[in-house]
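Notes for the one structure printed next.
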Amino acid sequence: MTVDDPGMDFWFRYVNAEGGAYERAGDSTLMLLPDTLQHRHDQPEDLLVTSDPDVAREDGAVLLSAGHPMLAAAAQTVLAQGDCGSVRLPRPVTRAPDTEHLLARARETFTIDHGRIDLTGGPRPGIRTVLRVSSLVTYALSADDHFQEQVECWVDVQERLALGDDAADELVGLLDIDHPERDHIEPDAECLLPALAEADREIHRRAAARRDLLAGQVSQAHRDEVDRASEYYRQIAESLARRRDTAAANKAAAYQARLESTAAERDRRLAEIDDKYRSTISVTPFRLQVIGVPALRLEVDVRRGDRRYPLELDWLLSLRSFAAVRCPGCRSVEPLVAGKAGLGCRRCQPRGLGGPRPDAPAAVSAPTASGAPTASGAPSAGGRAASTGGGAGANGQPATGGSVVVGTPENAVGSVAAGTASDRTKRAGTNGSSVLVPTSAGSSGRPLDRAAAGEAGRGASPPPVARAKIVQVGSKLVPALWERVARGDRSVRRLFAPASPADALFRVCGPIGPRYAIGVSPTSHLDTVSTSVGRAVRGTDSWILDGMVNCTDRRTYRFQMCWHFDQGRPLIDEIGPFASAYWPRLPDSSYSRHTHGQVFQSPPVSITGAEVLRHDPVADVFVSRTVRLQGIPIALRCLAAWWRLEQSTDLLAAHRADVVAAGMDRIIRYRAGGRHQFAEVASDYGVDERELRETSSVLQRRLHLTAARPW
């Protein structure tokens, strides 16, 4: 039976596991409780339960909802008992892939620099062990704000790597299938302990990142309370100081003593407030399962010339993919390199044996065929290196300018892998033989040798802009953005240009808004960010940067960032999920919905954002309806354009909010490359076409949109 209420669903599964039974009876459910549950919860054998308050009042059924004592007691019982065991998943009934297919997938999955994968043996049947660990995490954000969540981690025992959410969902659906070999599994305790330690670290890392994200939502209340207390004691101190200065000599000492007492009381009160808002986490493990996943084992050789390095790969039949492989030398997850002395990664390869020199300038490379960017200085598999003037790799993909680690306690937030991106690009710019000289404001420029560039700089206007400088600015801006987003830091607004879609995103969603703008799942956390070289938008003063955000759900979210310089300071105008788009154009909504479905869901609105929308009916239509119709990028451009209008009260007095929103939608989409008819837009919003035409005409005259300012 399908149950929508999570509390009822948990109760039904709990009763069923204890040997009870239940049957639907209209709007309620009749349950037969076994003796153990009757004594444990002090209930009769026949129990009528419901999640509808009206049914509970009329039929006398027990209203099972969040916070009910029976649900709380059942949850405590389940947590105390735990869920431990081992199970072997069934082999798929479909035909296993042939050897040629497996070899092709292996070469596609594992991009090994200077090496080629050749099959030497197999495939033969095998079992890959996976560890499933679940914990109940309690977040205490303040004395009044407490949350509980289940955090689950699936870890490959052999390589001690966490699986993604998609893989976990696939495996969960196979756990309840009964088959003859279900219990035929013998876990290796020696390998389980390191994997269990890795799962524990991963759960604590996710919990810490989640705590920091939640704490950002109450940080404003913390600051407000500190400000109120500080202001209160400041006023008292000023009053006492004035009285002391005008009092007689015999009373001045008393006022001075009261001043010192007030200062001590203020410090004590501020310490109490800080303690009240000190966030903590408590982790209670309750599930430990060892799961055997059927696999096909391949024996391969990684060849570099006459050299051969043996390797074993496991094709997971249930997931239709290969299990991840760590570096055989240092056990890192860096891309593998077939060196002259052995198989390893760039981190552990000696100089001159396949890895780059530590002092070599970083080369910009295109992403690999799998979509992940190669390490700096590595040739891309299946693509050409990016040109120095274009800022894009093969097939229009962004050229990587660096990889930053964000949002993880183990790795410092904002640090750049193997040196900061600005350092690498600075070395590339100073050691190179050409610089970029813009031919006009915002043009992409042309490479010149240094002598010619010097002559052009003395006689041309504006002065030359070195490409390394542009790369450095973009590389610094991206870590600054995602570092603050990962922490939920409200100071991220300082990076956003006023009256821009990025600023509108902050006003609605708060500091974590950029996550929703690129479609990051609410349950995942930021891990690393890869950035491209900044490139200019012809005819404007804007610059474009493409990149990819890797998250803890093992997914990659691509993004495009538009920014400009304001008195030498870079400010972000827009953040969207459409990397390599020809800004300001955006893909059609039908294509976008297929590739970026997450950005067509209304994002969570912050407390201040809800207050803004409550007083602005047009903005509320953009967030509630335009997002679902056109996606978050168009809705944010509409919000930025709407809030830029100085006088809008007459529009709302003459037209309904949804008519104004529909008119703004059509105008903004036209500048984004859309050619939508009035009848189509009127049908989407359910408004009169004639009134929509009238409103659109007024909006067009007031907004003065151009290619350089599409909102």
Next item on the list: Could you tell me the separation between the CG atom of Leu163 and the CG atom of Leu171, rounded to the nearest 0.5 Å?
Entry: 7.0 Å
Checklist line | Value rounded to 0.5 Å, distance of CG in Leu63 from CE in Met8 | finding: 9.0 Å
Notebook entry, point to check: Do Leu259 and Gln256 have side-chain heavy atoms sitting under 4.5 Å apart?
Noted result: yes
Check: Is there a donor-acceptor contact under 3.5 Å from the side chain of Ser65 to the main chain of Ser51?
Finding: no
Margin query: As an exercise, state the distance from CG of Asp200 to CZ of Arg205, rounded to the nearest 0.5 Å.
Written below: 13.0 Å
Check: Heavy-atom count around Arg494 CZ within 6.0 Å, excluding the residue itself: above 12?
Finding: no
Checklist line | Pair Arg555 + Asp166: basic N to acidic O under 4.0 Å | finding: yes
Check: Under 3.5 Å, side chain of His615 to main-chain N/O of Glu611, donor-acceptor pair present?
Finding: yes
Margin query: Between Phe622 and Trp643, is the ring centroid distance below 6.0 Å?
Written below: no
Next item on the list: With the side chain counted from C-beta on, respond yes when Val627 and Phe600 share a heavy-atom pair under 4.5 Å apart, and no when they do not.
Entry: no
Next item on the list: Run the numbers on Glu265 and Tyr233 for side chain to side chain donor-acceptor pair (under 3.5 Å), then give the verdict.
Entry: CA-CA 9 Å; Glu265 182 180 348; Tyr233 286 106; 3.2 Å; yes
Item checked: Contacts of type ring pair (Phe, Tyr, Trp, His ring centres under 6.0 Å), residue His68, not counting sequence neighbours -> none
Notebook entry, point to check: Just by distance, do the side chain of Ser606 and the backbone of Val508 share a donor-acceptor pair under 3.5 Å?
Noted result: yes
Check: Can you tell me if Ser142 and Asp145 form a side-chain donor-acceptor pair at under 3.5 Å?
Finding: yes
Notebook entry, point to check: In Å and rounded to the nearest 0.5 Å, what is the CG to SG distance from Asp665 to Cys638?
Noted result: 5.0 Å
Notebook entry, point to check: Does atom CG of Asp42 have more than 12 heavy-atom neighbours, drawn from other residues, nucleotides or ligands, at distances under 6.0 Å?
Noted result: no
Note to self: Tell me whether Arg644 contacts the main-chain N or O of Trp711 through its side chain, where contact means a donor paired with an acceptor under 3.5 Å.
What the structure shows: yes
Item checked: Under 3.5 Å donor-acceptor, Thr626 side chain and Val623 backbone -> no
Check: Less than 4.5 Å apart, any side-chain heavy atom of Thr29 and any of Phe12?
Finding: yes
Notebook entry, point to check: Counting distance only, does the side-chain N/O of Ser261 pair as donor-acceptor with the main-chain N or O of Ala257 below 3.5 Å?
Noted result: no
Margin query: Tell me whether Glu152 contacts the main-chain N or O of Val133 through its side chain, where contact means a donor paired with an acceptor under 3.5 Å.
Written below: no
Margin query: Tell me if a side-chain donor or acceptor on Asp616 pairs with a main-chain N or O of Ala619 at a distance below 3.5 Å.
Written below: yes
Next item on the list: Determine, stepwise, if the pair Arg484 / Arg490 fulfils side-chain contact (heavy atoms from CB on, under 4.5 Å).
Entry: CA-CA 8 Å; Arg484 301 183 195 189; Arg490 296 186 66 85; over 6 Å; no
Next item on the list: Apply the test ring-ring contact (aromatic ring centres under 6.0 Å, His included) to residues Phe559 and Trp482: give CA-CA distance (whole Å), side-chain angles for both, the deciding distance (0.1 Å), then the verdict.
Entry: CA-CA 12 Å; Phe559 68 90; Trp482 293 110; 5.5 Å; yes
Check: Would one find more than 12 heavy atoms of other residues, nucleotides or ligands at under 6.0 Å from atom CZ of Arg258?
Finding: no
Next item on the list: For Trp11 and Met70, run side-chain contact (heavy atoms from CB on, under 4.5 Å): C-alpha distance rounded to whole Å, both residues' side-chain angles, the deciding distance at 0.1 Å, then the answer.
Entry: CA-CA 9 Å; Trp11 176 257; Met70 283 201 303; 4.1 Å; yes
Notebook entry, point to check: Can you tell me if Arg628 uses its side chain to pair, donor with acceptor, with the backbone of Ser624 under 3.5 Å?
Noted result: yes
Next item on the list: Look only at the side chain of Ser230 and the backbone of Val226, and say whether a donor-acceptor pair between them is shorter than 3.5 Å.
Entry: yes
Next item on the list: Give a yes or no on this: more than 12 heavy atoms of other residues, nucleotides or ligands lie within 6.0 Å of atom CG of Asp176.
Entry: no
